[in-house]
Structures are given as structure tokens and as C-alpha cells.
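Residue numbers run from 1 in the order of the sequence given.
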Amino acid sequence: MLALLLAGCASPVGIDVVSPRQVQRYLTRSALTANEPSDASKNELRRYGLLVEFDDDPLAALAELHEAAAAQDFPRAALFALSELWFLRADSDELQTSYASSLVYAYAFLFPEDERPPLDPLDPRERVAADLYNRALTLAFRRTKQGTLALDGRGEFELEFAHVSIAASPEVLHENGSELYDLQPVAEFQVKGLQNRYRSPGIGAPLAAKVRPLPGELPPIPMLESARLPVTAVIVFDAPIAGLRARTLKGHLEVVSTLDTTSVEIDGRAVPLESETTAALAAGLSESQFWRRELQAFLGNAVGVRKDSGLLAMRPYRPTRIPAVFVHGTNSSPGRWADLVNDLIADPRLRDRYAFWFFSYDSGNPIAYSGYQLRAALTQVVARADPERTNPCTENMIVLGHSQGGLLTKLTAIDAGNAFWENLSSKPFDQVGLNPADKKLLSETLFVKPLPFVKEVIFLATPQRGSYLAGPQIVRRIAEYFVRLPSDVVRVGADLATKLPRGEGGLSFARMPTSIDNMSPTNQFIVTLAEIPVSPGVIAHSIIAVDSDGPLDKAGDGVVRYESAHISGVDSELVVHSPHSGMQSAPATVEEVRRIFLAHSARSACPLPAP
């Protein structure tokens, strides 16, 4: 009896002391993070006596809540609850119409067309409503068999409370002379393999889209294999509150490249777009053949794979961007730049200022030959993009190369004169009786002139005086055994062997050298290249990796010694602590490249993009 009396005296209202983190999880829960609504929505259900009914008969409760909201001209609290509760219902029935219902209410809550006072910017319902809109938009549309969104044509939804029609223009999936297709919702991606994930919060469903030229369009530079653009889909409704009253809503679909545009106009104001640049980059790289082809591109014909060298772009060409050209190293691929590019393209100061181009090549070829291919590819793209050579953006190119790619980069910015030819023969070049095709190729390979549109170069872990790993004869013999060179290189070598005396210039033409031969510290090519300075008017930078804290004259990165990578005449030099192969991703490298790009941008004559 005493126990009953004491229990009867206990307060029915009280508290339990728990950790602040536990309280925070409770306060921030919603239909997006838990299988129950937020307190804000529960409060609305209780207000109209619908909390129990929602558990027993959710469709009837939602219909009653809509009618109660309509009687009060759709107050914001009710709109938020309707959006969240329809999303919960959609998670149960997985119907497109249920997600479309959540989408409509979320939009009406966020963008009422009447003179309602704006929400407090710290109101947590605004962020939850935006996320409900974004997820519901992704889930309301039809999926293809591959799981991608079908956003073409007109969308019609017969909802419990209204008829909704969504129009899309025939050009909704067109982007600067290209077509977007294979639209993957990135909210369903968990990114792996990249150091940082960048996301810009806002409105809209972020997608990763493949890109192809429109019929009849020939872009100056092709897109990277399997490249995906970050785009955002947005549905803008005309007068949503009036549409709810009339039980008929109309809207239109927009698909925006978030590498070019960061906001959408709604009711006369700029609203930030939700953007996921990292997820789109990772989606493209996961489908690429880069990793599988790295060794193949080094061995070339030895494995029956010969892929043409060339320049590839990360996104459709625009003449208002400065080309930044990335050149990979030995047994590597453009994919090795992923972390660096991910960080740079997330920077709004660089994203629309630069075009990111990548040079892909067979890294077992002689370095002079690969350098010729790089120069030829750049010259060809510039001729297509700017035949009159009047575009100040194209004329302010920056090229950066890692390891062997740094040597190719240097070959865009030097005047070699006769130095390379004199390694082969004392006879004047014009007096050597080669066939015209071989003579043209040899001339363009050896008599290097600086490209007039390359204004800045960056060397990353570059063996300017060779790599000690390429020095041992056994390494060069293994490369000689496995690497198979292109037919035109082999042909030129055979032709030279018959035209020049054996051993003239200190070389024998029993075989053409591989890139590994060229990077041996005693090889005449690397010795000669090291002696040729970067041309006046070209700004050069060195970023050198070391993997120890010892004296620099004894330091290296496991492949290239500091003393080999260090050269005089550069505008800046930075030493980073990193192994050779991962130094492009090192935070210090990223920040130094960012600094160089920003300084280059400030000096460039290319007009800044419009704000």
C-alpha cells in the first residue's frame, strides 16, 4: 500500500539525463534518417487528432490532413508535415506518385508564391524539406533497366489531391553542343578511393551524366572515356499554393551542369543548386578502363594493345576556359590525377576558369617521340578551337606533368636547336637521305620549338637528370624485352641504321631506345634535355617529392632523387614529403598547384567568367 501511495505521488512529467549526442540524434531525426517522422510532423498529426490514424490508415490520415491544411490555406507547418509523411508512405509503398506527392508539398513549403514571411534561416525544417524535395525528385521518375533516370518527355502524375504535369523542353538534356544521357542519381553512391568528397548543399537532385556530341557536332577535343558530368535536375512549379487550391499543378524540368552554374532562379531569387562533383568524378572513373590499360599502355604492341595517344577533356569544350593539361607518368594513366582534380574542381575560383585536359600515351615509347605526340595533339586542338589564334584563353595554356610526364611537359617549352640531332650524327640533317615521311617525323621529334600558347609548366617528381631505377642495365633489358614500339618508330630506327655510320654520335641503331633507356642517368637524351633551359617567357615550377627527412642532397622519393628533380631557372620549387607514385594526391602538392593556378589565373589575359 505504501508503494502504491508513493507511486501515485510521482510526477508524470520528468527528464532522464542522457548524452547530448543522443539528444541531438533525437532532435534531428526525420523520415530521411529514421522510419518515423520528425517532432514537427508529429505535432501536426496530434494537432488534428491524426497521430493514431496515421499508424492505422496512413492514406486516410494524409487525406484528412490535406483537407485541414486547405481549410487554413495551407500553412507552412502543415505543408512540411505532408511532405515528410508522404515520403514515409512512399518508402512503404514505393510508388512514384507517393514520392511525387512529397515533392509537391516540399516545394510549396520552400517556395510559396504568396507574400508569406520567409522562414528563419536556422529553421531545421528548411534543410529537411530541401532534402525531401531532392530525394523525392530522384525517386518520382521512371528508371531504366540500368537504374538510370528517364527524364525525357512529359511527366504526368495523378495524385490523391491534384493532377500534376511536368513539361521538359526537347533541349533539356543538351549541354553546349553535347547530349547528356545515362543519368545516375549520386545520392545512392558511396564514394571510395578519393580522399575528399565535395558536396554543395542546395535544391535539386544531383546526377552523374555521360556526355556525347550532338549529331553533326565535332568538338575540338573529345571527352574522356566514361567521363560523367555532375548535373542537377530541378522541377520548378508555377504558383504551387494556387495549384494546390485548384487541384492542378504545372511545372517544368531543368537539368543544369553544376560545373558551370551554381544556382537556379525561383520566384526572382537565386537558389543554390545541390551539387556532387566528387561522386560524378568517381562514377566515371569506376567505369573507365584506365587502371586496366596502364600496363598495356606501357608495353604497347607486346600485349597486342596499341591505343592512339591523344588529348581528352573532362567536360565539353568552352572557349572561355584556360586549358590546363595533365600529363601522366610511366605505366600510369589520367586516372592518377583524380584526387588533385577532385580538389581543384571543387574550388569555385578554378572550376569555371580552367578546362581540364588529359594527355594519354604509351609510356614505353621513346620520350622524344611521346613529346612530339603531345606537341602535335596540343597544336591540333588549338587549331580546331582557335584557328585565327585570337582567343586569349587558349593562348594562356598551363601544362603539368608527373614523372616521365614532366619530361614531356618540358618538351613543350624548350628550343632544342640541333642538340638532339647532334647526339645522332655530325652530318647536317638536310644531308641525310631519309624518305620524306621518316624525315618529317624525325624533324618534328628532334628539332623541338616551344609551343607559343604554353605559358606555364609544372614539373612534379620529374627525373630531369634521369631516374636511378632506370640506371641498372637489367632494368633496361627487361623493358627492351617486353616493350614493343610503334611501327613508325621502328621504321625510322631501321632507316637511320642504314644511313648513319655505326656508332656515330655515340649511339648504335641496333634498336630504338625505350622510355626506360631514355631515363637512365647516363643516357645521352636525358643528359642533353637537362642542359636545355625552359624558354624565356615560360614560367616553370618544380614540386619535388622526398620520402625521408634527411639532407636533400641524399634524399629521393623511391624513384627520383632530389638532385635529379631539382633544376635552376624555375619560378618556384616546393619539396613535399611523399612517395613518388602518390605525390599528386599529397595535400601539400594540391595546395601548391592551387597556388600556382590562382597566380596564373591572375596574370592571364583570358577574361574572368561573368559572376
Handout entry: V231 vs V256 side-chain heavy atoms within contact, under 4.5 Å
Key = no

Exercise for the section: Would you please indicate yes or no on a ring centroid separation below 6.0 angstrom for Y99 and F87? Expected result: yes

Exercise for the section: Indicate whether any N or O donor in one side chain lies under 3.5 Å from an N or O acceptor in the other, for H541 and E592. Expected result: no

Problem - Heavy-atom pair with the smallest gap, counting every atom of P316 and M223 - result: N-SD, 3.4 Å

Completion exercise
Tightest non-hydrogen contact, residues G204 and Y133, listed as N-CE2, 3.8 Å

Handout entry: Side chains of T232 and V255 in contact at under 4.5 Å (non-hydrogen atoms)
Key = no

Practice task
Kindly say whether V211 contributes a backbone atom to a donor-acceptor pair with the side chain of E179 at under 3.5 angstrom?
Solution key: no

Completion exercise
Between A108 and I241, the two heavy atoms sitting closest are CB-CD1, 4.1 Å

Practice task
May I ask you to say whether E36 pairs ionically with K42, meaning some side-chain N is under 4.0 Å from a carboxylate O?
Solution key: yes

Practice task
Identify whether the distance between the nearest side-chain nitrogen and carboxylate oxygen of R351 and D347 falls below 4.0 Å.
Solution key: no

Practice task
With the side chain counted from C-beta on, respond yes when V164 and E156 share a heavy-atom pair under 4.5 Å apart, and no when they do not.
Solution key: no

Exercise for the section: Evaluate side-chain hydrogen bond (donor to acceptor under 3.5 Å, both in side chains) for T258 paired with S275, printing each intermediate quantity in order. Expected result: CA-CA 6 Å; T258 49; S275 174; 3.1 Å; yes

Handout entry: Polar side-chain atom of N134 near backbone of G202 as donor-acceptor pair, under 3.5 Å
Key = yes

Practice task
Determine whether L400 and F326 make a side-chain contact, defined as any pair of heavy atoms from C-beta on separated by less than 4.5 Å.
Solution key: yes

Exercise for the section: Could you go through the salt bridge (Lys or Arg N to Asp or Glu O under 4.0 Å) check for R127 and E274 one step at a time? Expected result: CA-CA 12 Å; R127 183 63 256 169; E274 183 97 354; 3.5 Å; yes

Exercise for the section: Give a yes or no answer on whether the side chain of R125 reaches the backbone of A40 with a donor-acceptor pair at less than 3.5 Å. Expected result: no

Practice task
Return yes if a side-chain donor-acceptor contact under 3.5 Å exists between E84 and S38, otherwise no.
Solution key: yes

Exercise for the section: Would you confirm whether N396, through its side chain, and I322, through its main-chain N or O, come within 3.5 Å as a donor-acceptor pair? Expected result: no

Exercise for the section: Check the pair V236 / L253 against side chain to side chain contact (heavy atoms under 4.5 Å, CB included), numbers first and verdict last. Expected result: CA-CA 7 Å; V236 177; L253 172 70; over 6 Å; no

Practice task
Would you indicate whether Q190, at its atom CD, is surrounded by more than 12 heavy atoms from other residues, nucleotides or ligands within a distance under 6.0 Å?
Solution key: no

Handout entry: E254 and V264: CA distance, side-chain angles, deciding distance, side chain to side chain contact (heavy atoms under 4.5 Å, CB included) verdict
Key = CA-CA 9 Å; E254 299 180 26; V264 63; 3.5 Å; yes

Handout entry: F74-H66 aromatic ring centre distance below 6.0 Å
Key = yes

Practice task
Please lay out, stage by stage, how E456 and M397 fare under the test side chain to side chain contact (heavy atoms under 4.5 Å, CB included).
Solution key: CA-CA 7 Å; E456 204 147 343; M397 190 178 296; over 6 Å; no

Problem - Audit row: E175, R318, salt bridge (Lys or Arg N to Asp or Glu O under 4.0 Å) steps and yes/no - result: CA-CA 11 Å; E175 167 63 26; R318 283 197 176 183; 3.5 Å; yes

Exercise for the section: Indicate yes or no for a side-chain donor-acceptor contact from E113 to the backbone of D267 under 3.5 Å, with no hydrogens or angles considered. Expected result: no

Completion exercise
Output for pair (L137 CG, I235 CD1), nearest 0.5 Å, gives 4.0 Å

Handout entry: E287 vs K210 side-chain heavy atoms within contact, under 4.5 Å
Key = yes

Completion exercise
Separation between CD1 (I596) and CD (E591), nearest 0.5 Å, reads 11.5 Å

Practice task
Measure the shortest side-chain to side-chain distance between D39 and R29 over non-hydrogen atoms and say whether it is less than 4.5 angstrom.
Solution key: yes

Problem - D73 and R116, any side-chain heavy atoms less than 4.5 Å apart - result: yes

Fill in the blank from the handout: Taking every heavy atom of R353 against every heavy atom of P607, the minimum-distance pair comes out as NH1-O, 3.0 Å

Exercise for the section: Name the orientation class of the two ring planes belonging to W337 and H402 (parallel below 30°, tilted from 30 to 60°, perpendicular beyond 60°). Expected result: perpendicular

Exercise for the section: Begin with the C-alpha distance, continue with both residues' side-chain angles, and end with the deciding distance and a verdict on side chain to side chain contact (heavy atoms under 4.5 Å, CB included) for F161 and E67. Expected result: CA-CA 9 Å; F161 54 88; E67 293 305 319; over 6 Å; no

Fill in the blank from the handout: Rounded to the nearest 0.5 Å, the CZ atom of R321 sits from the CH2 atom of W357 at a distance of 11.0 Å

Practice task
Measure across A283 and Q184 and return the closest heavy-atom pair with its distance rounded to 0.1 Å.
Solution key: CB-OE1, 4.1 Å

Fill in the blank from the handout: Nearest heavy-atom approach of A605 to P392 is O-CB, 3.8 Å

Exercise for the section: Kindly say whether H600 contributes a backbone atom to a donor-acceptor pair with the side chain of S604 at under 3.5 angstrom? Expected result: no

Completion exercise
Partner of N196 under side chain to side chain donor-acceptor pair (under 3.5 Å), picked from N342, D343, T278, D339, is D343

Handout entry: N/O donor-acceptor pair under 3.5 Å between Y354 side chain and S601 backbone
Key = yes

Handout entry: Of F157, Y105, Y107, F109, the residue whose pairing with F237 passes ring pair (Phe, Tyr, Trp, His ring centres under 6.0 Å)
Key = Y107

Exercise for the section: Look up atom CG in L82 and atom CG in L132, then write down how far apart they are to the nearest 0.5 Å. Expected result: 12.0 Å

Problem - Aromatic F356 / basic R315 pairing, under 6.0 angstrom, 45° off normal - result: no

Handout entry: R135 with D131: basic N within carboxylate O range, under 4.0 Å
Key = no

Problem - Between D386 and T394, a side-chain donor and acceptor under 3.5 Å - result: no

Handout entry: Any donor-acceptor pair under 3.5 Å from D57 side chain to E53 backbone
Key = no

Problem - Side chain proximity check, P240 to V104, heavy atoms < 4.5 angstrom - result: no

Completion exercise
The single option from T589, I398, V399 that satisfies side-chain contact (heavy atoms from CB on, under 4.5 Å) with I458 is I398

Practice task
For atom CG of N35, decide whether the heavy atoms of other residues, nucleotides or ligands shown that lie under 6.0 angstrom number more than 12.
Solution key: no

Handout entry: S102 side-chain N/O to S83 backbone N/O, donor-acceptor pair under 3.5 Å
Key = yes

Exercise for the section: Could you tell me the separation between the CG atom of L119 and the CG atom of L110, rounded to the nearest 0.5 Å? Expected result: 7.5 Å

Problem - Side-chain (S41) to main-chain (P37) donor-acceptor, under 3.5 angstrom - result: no

Problem - CG on L180 to CG on L207, rounded to 0.5 Å - result: 9.5 Å

